[in-house]
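Within every chain, numbering begins at 1; the chains are lettered A, B, ... in the order of the sequence lines, protein sequences first and strands thereafter. All values reported here derive from a predicted model rather than from experimental measurement.
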Amino acid sequence: MNNHQVADIFLAIADLFEIKGETVYKVLAYRKAGEAIHELGTDLRDIWQEDELKSIPGVGTAIAEKIDELYRTDKLEFYEKLTSEVPSGLVEVLAVGNVGPKKAARFWQELGITSVAELERAARAGELQKLSGMGAKSEARILENIETMRERKTDRMLLDKAWAISQVLLEMLRSVPGVLRAEAAGSLRRYRETVGDLDLVLASSVPGEAMKVFVNFPQVARVLGKGDTKTSVELHDGTRVQVWVHPPDRFGSAWQYASGAQAHNVRLRERALRMGLSLSEHGFKKEDGTELICPEESQVYEWLGLAWIPPELREDRGEIAAAEAGELPELVELVDILGELHAHSDWSDGAVSMREMLVAGRDAGLSYFVISDHSRSLGIANGLSLERLEEQREELAGLQAEFGKTFKVLHGAEVEILADGSLDYPDEVLAELDIVIASLHTSLRQTRDVVTERLLRVISNPHVDIIGHLTGRLIGKRAPADLDIERIVNVASAHQVALEINSNPERLDVRDVHARMALDAGCLLAINTDAHHPDHLNFRQFGVGTARRAWAESESIINTWPVDRLQAWLSDRSG
DNA sequence: GCCGTTTTCGGCCCGACTGTTTTCAGTCG
């Protein structure tokens with residue numbers, strides 16, 4: 001049983017409790033514990049074995065005992081008893097939009113509905129609107145929501161898609177009369193690896209006007225809700241967008257609110273209450289009713305006695321305590337990245353020549369660039385034989401002469417980690433390369449012990465400088481390899497091998513919580529794009545966002561170092 | 001059920017929007 005399976009049980013308990021009418025705080029407690037377990041970077045089973053379950057925020061005595069029972073017996077009596085009282089199919093019913101615990105309970109008790117299929121049948125038969133407090137509109141809306149739930153393939157989109165759509169919408173919104181500012185908020189602004197709805201915040205002197213224009217954008221397929229300050233719509237591609245509009249002098253608190261995460265905001269509001277203030281998107285209210293309004297976001301934090309917290313940290317992972325103590329990290333920024341350490345050319349599976357990649361890198365403002373094509377065994381990617389690798393080195397030397405001293409060209413390779421943990425080029429060939437990235441592409445489904453040992457063996461090879469996209473996951477497509485991350489980061493730290501944050505939005509590997517574990521263990525990181533096309537160099541912002549979510553400072557990121565320092569580090573470690 | 005620079009008991013964020021209501025409950029973020 002993995003983290004997510006355990007987490008889902010607690011989330012289901014929360015839902016069923018809510019339908020049953022349990023105290024809301026109990027419901028919240030189970031939900032919070034479930035979410036915390038979902039977000040965990042370490043294997044819950046390891047934490048259980050070390051008897052540290054209660055160190056997880058939101059897990060106390062009662063829930064720790066339940067986790068213990070799950071691992072010992074593979075079942076949970078409490079949960080089985082609960083599902084005998086409240087049908088577990090109602091969890092799915094609760095996932096239908098506009099159906100909450102109260103309605104789900106009534107549908108079940110008054111109409112015997114225990115699944116979405118039954119709900120749909122009842123709605124089509126017009127049975128829902130017969131219930132008191134329900135009408136034809138509510139019934140139609142529920143039916144509509146069941147259909148969209150079915151059509152939506154995945155509920156969350158990748159960061160690059162979210163980014164692209166929001167940039168277009170923001171640009172359009174900024175040209176609406178009266179709109180002074182338009183910014184992205186929500187999980188996109190926090191650079192979460194996937195985004196559900198897009199959240200946009202506007203400052204406007206004439207809010208109603210902005211909303212009217214927005215709902216008539218050609219991208220908008222239907223309006224889900226429309227009010228004075230908040231409008232939500234669905235675009236033709238199914239993307240949901242929420243827009244908030246506030247007057248300019250309240251923009252700061254509105255942007256802060258819409259940026260989340262919810263848990264972060266709840267913490268801030270609790271803190272405000274302790275200071276005799278009530279915080280909402282409109283600003284602060286004192287006990288006597290007078291207001292403190294915040295045109296700038298930093299003022300929200302200022303009134304709370306905190307340094308401004310960068311959005312990527314706002315996950316309730318200790319950032320408020322750090323802000324209070326003045327110990328927030330100096331997060332790495334996009335402009336700190338001086339070089340690209342992982343990029344492909346048409347020598348293997350890249351789209352363009354080495355020269356074109358180098359030109360793109362130079363034009364992107366980088367001062368050094370590694371061409372790292374695939375090694376020989378990855379036939380599907382046209383991996384380089386030893387002979388071709390040698391030819392490539394010669395051509396690259398010529399290119400270096402062309403680009404001159406201000407742009408350093410380095411010869412690397414993305415070397416396959418073979419199924420037995422050996423590498424795809426012999427040590428003497430690795431020694432000739434400027435930089436070696438070792439990556440897994442095959443045999444990802446080996447058992448945890450096998451694949452972990454395989455990586456540990458590679459990490460202890462002195463020629464290996466970077467481990468590329470550690471887990472091999474493809475978000476929404478391919479599960480990560482089952483690895484003992486804690487062991488790997490400790491060994492990588494001991495050998496001073498850097499872990500890559502692969503910036504490709506489909507990978508973002510290592511992910512934020514693992515990158516943070518690595519930094520805590522003293523590991524170095526590299527933020528690479530793994531570009532197969534010049535356009536992919538723009539992925540860097542997503543890698544930087546991920547690093548920031550891991551609380552990374554530039555000192556720990558080897559490609560923020562000037563090339564001399566990087567080369568000194570490379571020769572030190574292989575010498 | 002969890003948690004603690006007000007507390008080991010008594011709290012637990014705040015507001016917008018909708019539909020069905022005659023003043024509000026339910027849902028959502």
[atom1]-based separation of [M] from [N] [nearest Å]:
N	M	atom1	value
dT21(B)	dT27(B)	P	15 Å
dG15(B)	dT22(B)	C1'	23 Å
dC17(B)	dC13(B)	P	22 Å
dT23(B)	dC28(B)	P	25 Å
dT20(B)	dG26(B)	P	14 Å
dT6(B)	dC2(B)	P	23 Å
dG1(B)	dT5(B)	C1'	24 Å

Check the pair R156(A) / E193(A) against salt bridge (Lys or Arg N to Asp or Glu O under 4.0 Å), numbers first and verdict last.
-> CA-CA 9 Å; R156(A) 300 184 66 87; E193(A) 61 190 36; over 6 Å; no

With E315(A), the salt bridge (charged side-chain N to carboxylate O under 4.0 Å, His left out) member among R267(A), R190(A), R192(A), R548(A) =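 That would be R190(A).
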
Atom pair distance, as rounded to whole Å: [atom1] in [X] and [atom2] in [N]:
X	N	atom1	atom2	value
D316(A)	dC12(B)	CG	P	17 Å
N145(A)	dC17(B)	CG	P	18 Å
H282(A)	dC13(B)	NE2	P	18 Å
F284(A)	dC13(B)	CZ	P	16 Å
R31(A)	dC2(B)	CZ	C1'	15 Å
K54(A)	dC2(B)	NZ	C1'	10 Å
R267(A)	dC2(B)	CZ	C1'	10 Å
E35(A)	dG1(B)	CD	P	18 Å

Identify every side-chain donor-acceptor pair in residues 93-110 of chain A under 3.5 Å, counting partners at least two apart or on other chains, and give the distances.
unit_1  : atom_1 : unit_2  : atom_2 : d
N98(A)  : OD1    : N145(A) : ND2    : 2.8
K103(A) : NZ     : N98(A)  : O      : 3.1
R106(A) : NE     : E110(A) : OE2    : 3.0
R106(A) : NH1    : S132(A) : O      : 2.9
R106(A) : NH2    : E110(A) : OE1    : 3.4
R106(A) : NH2    : S132(A) : O      : 3.3
R106(A) : NH2    : S132(A) : OG     : 3.4

Looking only at side-chain atoms of [X], point me to the closest of [options].
X	options	answer
S280(A)	dG19(B), dG1(B), dC14(B)	dC14(B)
R141(A)	dC13(B), dG1(B), dT18(B)	dT18(B)
K285(A)	dG1(B), dG15(B), dC13(B)	dG15(B)

Hey, what do you get for NZ (K285(A)) to CG (L292(A)), rounding to the nearest 0.5 Å?
->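 Output value for this atom pair is 11.5 Å.
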
Contact class for [X] vs. all strands (heavy atom < 4.0 Å): base, sugar-phosphate, or nothing?
X	answer
L268(A)	nothing
L28(A)	nothing
A14(A)	nothing
K32(A)	nothing
T23(A)	nothing
S232(A)	nothing
N265(A)	nothing
R274(A)	base

Could you tell me whether the side chains of T546(A) and D512(A) share a donor-acceptor contact shorter than 3.5 Å?
->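 Absent: no donor and acceptor within the cut-off.
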
Under-4.0 Å side-chain N/O to phosphate OP1/OP2 contact, T229(A) with dC17(B) =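 Checking dC17(B) against T229(A), a side-chain N or O does come within under 4.0 Å of OP1 or OP2.
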
Dump the intermediate steps for side-chain hydrogen bond (donor to acceptor under 3.5 Å, both in side chains) on W244(A) and E281(A), then the final yes or no.
-> CA-CA 10 Å; W244(A) 283 271; E281(A) 59 266 47; 5.3 Å; no

Does the ring of Y25(A) lie flat against the base of dC12(B), closer than 5.5 Å centre to centre with planes under 30°?
->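 Ring-base stacking flag set for Y25(A) and dC12(B).
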
Using the six-membered ring of W255(A), assess whether NZ or CZ of R189(A) lies under 6.0 Å from its centre and within 45 degrees of the ring axis.
->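 The answer is yes, since R189(A) meets both limits relative to W255(A).
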
Please determine if K66(A) forms a cation-pi arrangement with Y79(A), meaning its NZ or CZ atom is less than 6.0 Å from the six-membered ring centre and no more than 45° off the ring axis.
->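 No, a cation-pi geometry is absent between K66(A) and Y79(A).
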
Watson-Crick or G-U counterpart of dC17(B), or none if no pair lies under 3.5 Å |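 Looking at the geometry, dC17(B) pairs with dG26(B).
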
Letter per nucleotide, 5' to 3', of nucleotides 23-29 of chain B [B base touched, S only sugar-phosphate touched, - untouched; heavy atoms, 4.0 Å] = ---SSSB

Worked verdict on V213(A) versus E209(A) for side-chain contact (heavy atoms from CB on, under 4.5 Å) = CA-CA 6 Å; V213(A) 177; E209(A) 186 61 24; 4.1 Å; yes

